[in-house]
Amino acid sequence: MLVLSPGEVARVDLAGRSPTPEVTFPLALSSASTLEPQDVELTPDETHALLTIKGSPDLYVLDLVNPSINLVSLSGVPSDLA
């Protein structure tokens with residue numbers, strides 16, 4: 001399960017006795033900058049998550065297997081993920 005919060009996204013394991021964060025993705029280099037996740041969609045194989053940020057033209061591609069973030073610049077602010 002992915003949990004979105006201002007400034008970060010966490011992948012949480014719900015299979016164990018108590019929920020445990022497996023990995024946390026900070027969305028900004030500085031803790032002073034708080035980005036607000038807007039929408040997220042998993043790829044069919046669940047290895048990547050596509051994430052939009054409120055007011056940002058960037059698409060965040062989160063690698064859930066080898067934790068990393070790739071930013072893809074779009075020509076405009078995305079309105080919806082499907």
Side-chain angles (χ1 to χ4, degrees):
M1 168 182 267
L2 292 177
V3 178
L4 309 178
S5 63
E8 67 183 18
V9 175
R11 182 174 185 171
V12 178
D13 178 13
L14 297 176
R17 192 167 249 205
S18 63
T20 307
E22 292 178 332
V23 64
T24 301
F25 295 92
L27 300 176
L29 296 176
S30 167
S31 61
S33 175
T34 304
L35 300 175
E36 187 176 335
Q38 181 174 331
D39 202 2
V40 67
E41 192 70 34
L42 289 174
T43 57
D45 62 2
E46 298 185 1
T47 60
H48 291 82
L50 306 175
L51 176 74
T52 59
I53 302 295
K54 188 174 182 178
S56 173
D58 294 325
L59 178 67
Y60 285 60
V61 180
L62 309 178
D63 186 332
L64 302 174
V65 176
N66 299 305
S68 63
I69 300 175
N70 186 25
L71 291 179
V72 177
S73 294
L74 303 175
S75 59
V77 176
S79 60
D80 199 14
L81 288 177

What's the shortest heavy-atom distance between Glu46 and Arg11, and which atoms?
O-NH1, 4.4 Å

If we only count heavy atoms from C-beta on, is the [X] to [Y] side-chain gap below 4.5 Å?
X     : Y     : result
Val61 : Leu71 : no
Leu42 : Leu64 : yes
Leu50 : Val40 : no
Pro37 : Leu27 : yes
Pro67 : Asp63 : no

Taking [X] for the side chain and [Y] for the main chain, is one N or O donor matched with an acceptor at less than 3.5 Å?
X     : Y     : result
Ser18 : Gly16 : no
Thr20 : Asp13 : no
Thr52 : Asp39 : yes

Is there a path of hydrophobic side-chain contacts, each under 4.5 Å between heavy atoms of I, L, V, M, F, W or Y residues, that connects Ile69 with Leu35?
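Ile69 clusters together with Leu35.
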
Using the rule that Ile, Leu, Val, Met, Phe, Trp and Tyr join whenever any side-chain heavy atoms are under 4.5 Å apart, tell me whether Leu2 and Ile53 fall into a single cluster.
yes

Should we count CG of Leu14 as having more than 12 external heavy atoms under 6.0 Å?
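Yes.
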
What's the spacing between Leu51 CG and Phe25 CZ if we round to 0.5 Å?
10.0 Å

